[in-house]
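Right, one structure below, let's go through it.
What's counted below: heavy atoms across the whole structure, side chains too, no hydrogens, waters or symmetry copies.
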Amino acid sequence: MFSQGIMRTFCAERRIVRFAAALLIGTAMTSVVAVPAHAQESNASLRGKITADGKSGASQVVAIDLDSGYRRTVEVRADGSYNFASLRPGRYKLEITTASGTRTTDEITLLVAQNAVLNFDFSATEEVAGEEDSIVVTAGKIQTMQAGEIGANITERLIDQLPQTNRNFLAFADLAPGVAFITDGSGNSRLQGGAQGSNSVNVFIDGVGQKDYVLKNGITGQDSTQGNPFPQMAIGEYRVISSNYKAEFDQVSSAAITAVTKSGTNEFHGEVFVDYSDQSLRAKRPTEIFGNIPKVKTQDMQFGGALGGPIIKDLAHFFVAYEGKRIQQPVDITPGGGRTVTSFPTQYQSYFGSTNRDFNEDLYFGKIDIVPSEKDLIEVSLKYRDETGENLNSGQLAESTATLIDTEELRGLLRYERTEDTWVNDFKVTYEDAKWAPTPRVFENGSLFQGNAAQNTLLQIGGSANYQNKGQKGWGIQNDFTYTGVDDHALKIGVKAKWVKLSSLQLNNTNPIYTYNADYGTSGFNDTIPWRVQFGAQSGPGNPVVKSDNFQFGIYAQDDWDVTDRLTLNVGIRWDYEETPSFLDYVTPPDAVNAVSPANYPNLNNADYDIRDFISTGKERKAFKGAWQPRLGFSYKLDEDGRFTIFGGAGRSYDRTQFDFLQQEISQGAFTTRTFQFFVPGALDPLHGCAAGPTCLAWDPVYLTEAGRQQLLARVSSNGGGRELRFINNDLKMPYSDQFSLGFRGRFADLMEAEVGISHVESKDGFVYLLGNRRPDGSFFPPNATPSSPFGFAPPGFGSIIIGTNGIETSADSAYFKFTKTYTPVSPWSLDATYTYTEAEANRKFNEVFSLDYPSIDDYPVIRSSGVRKHRFVMAGSADLPWGFIFSGKLTLASAPYVQGFINETSAPFQRLIKAIEAENGIRQIDVAFTKYIPTTFLSDESRVKLRVDIINLFNDRNYVNFNENAADNTRTAASPTIFGERTDYGTGGNLPRTIKLTAGFSF
């Protein structure tokens, strides 16, 4: 009866939330005909007060988009105030109507997500320049109320002019305090905010979140890729928010990016370009220097084009863009264990050397906007992404172990906006379909050769171990309503619902891997008798293909309140909800329940956790709820003109637990890696001895075949098959962060701004996997002995117990200084510089989810984070030079990362310690670019040819990315020539040697 009551309560909760969602969305959809909408996250707002000229007050203000002819009109209230709640970023002029005539402003520019304030005093003669109806508006007169947000605006000029190699528009996000754009040694890039992992970021393009619900790195398509999330030439501009965003932002707990795409205008404009670099345009890599070998062939070619213009002038416009990549990147296959190529038998020597891996990407974007009236706006857009090639990294894995890249993504958006005098309503429908499916290049047995000493990997050949196919697909509806009819308030409420099918197929060890001790025997190189084989096989109940029809729901309310002429409060609150049926309705298999029962596995009787908290009957679990999330920001102008402002904020933001973690509870029980060892006679292989049993037997060459592996499976089919047991806490929570900030902004000489501030961000309830095995007395570590995890004490017939729960925590305390000088044709240079000092801590090594070294996550010490550099300085600028040249540059400086490692005490008190030290090297990289535009009359009077040279890593600095993380290693040997904290290699990818990139383009 009690369980039935729980089930009724649980189902009732899900029905109530779904009913509320249907009601709210239905209400929004019903009102679409009368009340359409636009995105709040990406649009700008403009408000202000108009002081009468003594003749009469102003009656209305019209905002006119200078590129598209888009017009919006608002009435001026009795107190002289006006408010445009939502305007697309771009170039505008304002027409202010009074009884005595119409006054027109000079051109003004509104930025993405800008909350702009522009006041007019018609009684002051300085507003009038020349003619009576002309108003000159300088940049200094436009005030930006950023509330408690910490961030930076990346303009179209910065995107176009700053040097870069990969055309990823996010590459300049590191100009915001606390944000890093990281490219690893393989050229794969990711975005990181503070001390949290990349899965906690979100990118909003035209107000639509690009969140990846399955994989890491935050947004779809960015898991382990050299590709870009969006065509760079289709991005107009974007804003990076490090912390303290408003309530509109969801599914994010660190950095949020809000970007707007380009639109067609009333004139036809187009652009084409080609970027090119190869081995003749770069310096030698370290392996080429130290090996005294010629440069390996490399090629990096990027190309694309865009076209936009009117379908019907002032009424409908189009914009399309395409960008492609064709990359050949060098890979070095080298012997491990400090050995030389000639120490291997002849048949294996050809596996070593330098080779290439290919990467291809095609990105498409199209957009149509229609303005049927001054009050309506309709936009339809579509993005498609396709990636192919190979994944292969430098190291000891031969070329045959590569996996083939298969990534696709399709996203669509229908947006409809309605604007009235006192409100704006935003309604949008979204569609997404993303797939990530790395596949082994060859399907054949793999051979892993290890050395006798420390079991170093010497070489691995044959097929790659793993096959995966993961993704998300579904629809979403979102409605945002802004009301400005209450004096001094801009009230916003919003609701969003999504129906997304998440899927995951993960077949570990699809290709069996046979591990050999190459030093075993007397032949000099043993490649005939392996000591272990690991292969994946169907096991237990369930299906390795895990699918879940998820439902997501979120609501928020936001009030931007001008309390006085100087004090503005931004008060918001949101609530989020998510159902993951594959998790909620999961029933733990009976054999797994029996395996950990007191009768079968008494080791847990005295354990420090209760396994019953992890066993599900399909009734105990509740949907993920991000409890109420308050968001508060303020800004206080110290002077009447708003040149100097104190600002701050505090808030909570919930993220998501990756489906890739949750699905393992099902898939690991359905398709499991089986491990069998083969005992060897005598003492020739002392490291790999084992006692005869179901999973330890004498070697027979038949085990190299599928039939032989089936014989091995038959030995364990009746007692669990040695499969691993995965359990997840029934009371799993949604991860979140709490954010606090305080700062000071100042505007100088109209075009210059400086900002200094501090922030504190702490995240909690991150997902973690722990080792659930215990020794017979219930302990984790052996008594009075060198610490070791109890892997050898699994339930009879099964592999280890792995339990998933909450517990990862991080904190980041930062102080920063930011300076910005804006480019204008009159003052043709720009400068953006940001210095950030961060003290970051975490209770687990950065990006590590599996924590199998202590009995509980609470036992891990909170120490310096290995994922955050203490000092980071980024400076970027551009300047117009004589003869039509433009110079731009970017400088990145960062201190060395912290490196963590374990030390197991071999004497009393026999503790397992974690040691963290600052690594050997930091980062210094200077990139520069020179651009020349050559005017031509071909196609139009504005046509021009573009010639550009980028020099990446101008001074050929070596920025090391890999370090020795063995805390017990304090001795240099031939096999390990470095000690703890020292660099181990010099990467490629984003840490390129000096590289020249040539660009040619044409625009009209």
**Item:** Residues Asp67 and Arg91 bridged, charged N to O under 4.0 Å
**Value:** yes
**Prompt:** With sequence neighbours left out, what residues match Tyr322 under ring pair (Phe, Tyr, Trp, His ring centres under 6.0 Å)?
**Reply:** Tyr364
**Validation row, ring centre Tyr384 to ring centre Phe365 under 6.0 Å** = no
**Item:** Distance-only donor-acceptor check, side chains Thr261 and Lys367, under 3.5 Å
**Value:** yes
**Aromatic plane relationship, Tyr92 with Tyr70 - under 30° parallel, 30 to 60° tilted, over 60° perpendicular** = perpendicular
**Asked** Regarding Arg411 and Thr220, is there a side-chain donor-to-acceptor distance under 3.5 Å anywhere?
**Response** yes
**Message:** For the residue pair Arg239 / Asn153, report whether a side-chain donor-acceptor contact shorter than 3.5 Å exists.
**Reply:** yes
**Prompt:** Do Arg418's NZ or CZ and the ring of Phe481 fall within the cation-pi criteria of under 6.0 Å and 45°?
**Reply:** no
**Asked** side chain to side chain donor-acceptor pair (under 3.5 Å) between Asn228 and Lys325: does it pass, once the steps are laid out?
**Response** CA-CA 9 Å; Asn228 301 335; Lys325 284 190 177 190; 3.3 Å; yes
**Fill in**
Heavy-atom nearest pair, Ser242 first then Ala176, reads OG-CB, 3.9 Å
**Item:** Aromatic ring proximity, centroids under 6.0 angstrom, Phe767 and Phe661
**Value:** yes
**Message:** Quick one about Gln739 and Ser737 (side-chain donor to acceptor, distance below 3.5 Å, no hydrogens or angles considered), yes or no?
**Reply:** yes
**No-hydrogen, no-angle side-chain donor-acceptor test under 3.5 Å, Glu237 and Thr155** = no
**Request:** Would you please indicate if the ring centroids of Trp475 and Tyr431 are separated by under 6.0 Å?
**Result:** yes
**Asked** Looking at Asp655 and Lys211, does any basic side-chain N land under 4.0 Å from a carboxylate oxygen?
**Response** yes
**Request:** Compute whether any side-chain donor of one residue and acceptor of the other, for Gln302 and Glu361, lie under 3.5 angstrom apart.
**Result:** no
**Aromatic contact, Phe169 with Tyr238 (centres under 6.0 Å)** = yes
